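Predicted model, so just to flag it, every value in this text is computed and none were measured. When reading the values below, keep in mind they use all heavy atoms of this one structure, side chains included, and skip hydrogens, waters and symmetry mates. Along the sequence shown, the residues carry numbers beginning at 1.
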Amino acid sequence: AKEDTRPVLQCVYFKAIEGKLYLVSADGFRLAVISLDYEDGEGEALINRDELKGISSALRRAKRVRLTFNGDDVKTLILDTELIRYKWISDNGNFPEYEKLIPSEHNCLTSFDTAEALRAVNSLKALSGTSSYPIDLTIGDGKIMMANPDDKGNTEISADTEGEVKVRLDGSYLAEALKACGGMVELKLT
């Protein structure tokens, strides 16, 4: 998040528990979660995104990396490579309970090509003429139907589907998500 009113959402949440390391980030609208195997104990830390800039290029060059947590009162995250030791002090605050936002059950599942879906979303954007535009998705019968709610146009793409559902999404948000995914996407809806 870019607003200073929610400083916790400007952080990446590192959480090690039960043999997994979770890296979680959010901006108030989107949530990104990745889990990795981790056998060096348990711990957690909130590290501001600005402090992590440039670390990805250092990690690409590293042959070995070890991540550890220190401290109870003042939590620190330590990242050791063969050349450099990085140490960050955790920000104060509690990261939101993101697990509750991830549905564990779904009643519709579909897989489709992102390039084809992105072309469909962009064609509906051209019809709307605005930067913010809703799209009605109808999933089922081996296809995804995308339509402009004002009946200005619709398009469909082929997809592997299980179940049926209708949902309205923000088209610009859907386009951003499709660009980030690339390749094939598996979409689960509750």
Would Y98 end up clustered with I47 when hydrophobic side chains under 4.5 Å apart are linked, directly or stepwise? no
Hey, are the side chains of M184 and E186 touching, using non-hydrogen atoms and a 4.5 Å cut-off? no
Flag, side chain of T161 to backbone of G142, donor-acceptor distance under 3.5 Å: yes
If the threshold is 4.0 Å, N to carboxylate O, is there a salt bridge linking K166 and D136? no
Are the side chain of N148 and the backbone N or O of D150 linked by a donor-acceptor pair below 3.5 Å? yes
Quick one: are L9 and P96 in side-chain contact, heavy atoms under 4.5 Å? yes
Flag if over 12 foreign heavy atoms under 6.0 Å of CD, E82: yes
Rounding to 0.5 Å, atoms CZ (F14) and CG (L21) come to a distance of 7.5 Å
Is any NZ, NE, NH1 or NH2 atom of the basic residue among E156 and K143 found under 4.0 Å from an Asp or Glu carboxylate oxygen of the other? yes
Here the pair of heavy atoms bringing G153 nearest to L124 is O-CD2, 3.7 Å
Is there a path of hydrophobic side-chain contacts, each under 4.5 Å between heavy atoms of I, L, V, M, F, W or Y residues, that connects V8 with L77? no
Does D141 form a side-chain contact (heavy atoms from CB on, under 4.5 Å) with E164? I'd like the steps, not just the answer. CA-CA 8 Å; D141 297 327; E164 294 183 8; 3.7 Å; yes
Among the clusters formed by ILVMFWY side chains lying less than 4.5 Å apart, do L189 and I135 turn up in the same one? yes
Interatomic spacing from CG in N48 to OG in S90 - rounded to 0.5 Å: 10.5 Å
Please tell me whether I34 and V185 are part of a single hydrophobic cluster in this structure, the criterion being side-chain heavy atoms less than 4.5 Å apart. no
Run the numbers on K15 and E99 for salt bridge (charged side-chain N to carboxylate O under 4.0 Å, His left out), then give the verdict. CA-CA 12 Å; K15 179 181 179 182; E99 295 96 346; 3.4 Å; yes
Does a side-chain heavy-atom distance below 4.5 Å link D40 with R66? yes
At their closest point, which heavy atom of A16 faces which heavy atom of F69, and how far apart are they? CB-CE1, 3.5 Å
Could you tell me whether N92 atom CG has more than 12 heavy atoms of other residues or ligands within 6.0 Å of it? no
Look only at the side chain of T110 and the backbone of D160, and say whether a donor-acceptor pair between them is shorter than 3.5 Å. yes
Does the side-chain contact (heavy atoms from CB on, under 4.5 Å) test come out yes or no for V12 and V24, once each step is laid out? CA-CA 6 Å; V12 176; V24 185; over 6 Å; no
Rounded to the nearest 0.5 Å, what separates atom CD in E42 from atom CD1 in I17? 5.0 Å
Check ring-ring contact (aromatic ring centres under 6.0 Å, His included) between F95 and all other residues, then give those that pass, not counting sequence neighbours. Y13
What's the shortest heavy-atom distance between P149 and P134, and which atoms? CD-O, 3.3 Å
Residue pair M146 / I144, side-chain heavy-atom distance below 4.5 Å: yes
Counting only heavy atoms from other residues, nucleotides and ligands, does the tally under 6.0 Å from CG of N94 exceed 12? no
From L178 CG over to Y173 OH, what is the distance, rounded to the nearest 0.5 angstrom? 10.5 Å
Any chance you could measure D113, atom CG, to C181, atom SG, to the nearest 0.5 Å? 11.5 Å
I55/L79 under side-chain contact (heavy atoms from CB on, under 4.5 Å): CA gap, chis, key distance, verdict: CA-CA 10 Å; I55 197 68; L79 185 82; 4.0 Å; yes
Verify the cluster assignment for M145 and V167: are they in a single hydrophobic cluster under the rule of side-chain heavy atoms below 4.5 Å apart? no
Does this structure show an ion pair linking D80 with R85, if we count only N-O contacts that are shorter than 4.0 Å? yes
Closest approach of F112 to A159 (non-hydrogen atoms, all atoms of both residues): CB-CB, 3.9 Å
Does any N or O in the side chain of T114 come within less than 3.5 Å of the main-chain N or O of G183, such that one atom is a donor and the other an acceptor? yes
Would you compute the distance between atom NZ of K125 and atom CG of L174 and round it to the nearest 0.5 angstrom? 12.5 Å
Least distance between heavy atoms, A120 atom then T155 atom: CB-CG2, 3.4 Å
More than 12 heavy atoms of other residues, nucleotides or ligands under 6.0 Å from CD1 of I89: yes or no? no
Could you tell me which non-hydrogen atom of L46 sits nearest to which non-hydrogen atom of C11, and how far apart they are? CD2-CB, 3.8 Å
Decide side-chain contact (heavy atoms from CB on, under 4.5 Å) for L36 and Y22; before the verdict, give the C-alpha distance in whole Å, the side-chain angles of both, and the deciding distance to 0.1 Å. CA-CA 7 Å; L36 306 166; Y22 297 94; over 6 Å; no
Side-chain touch I78/L67, heavy atoms, less than 4.5 angstrom: no
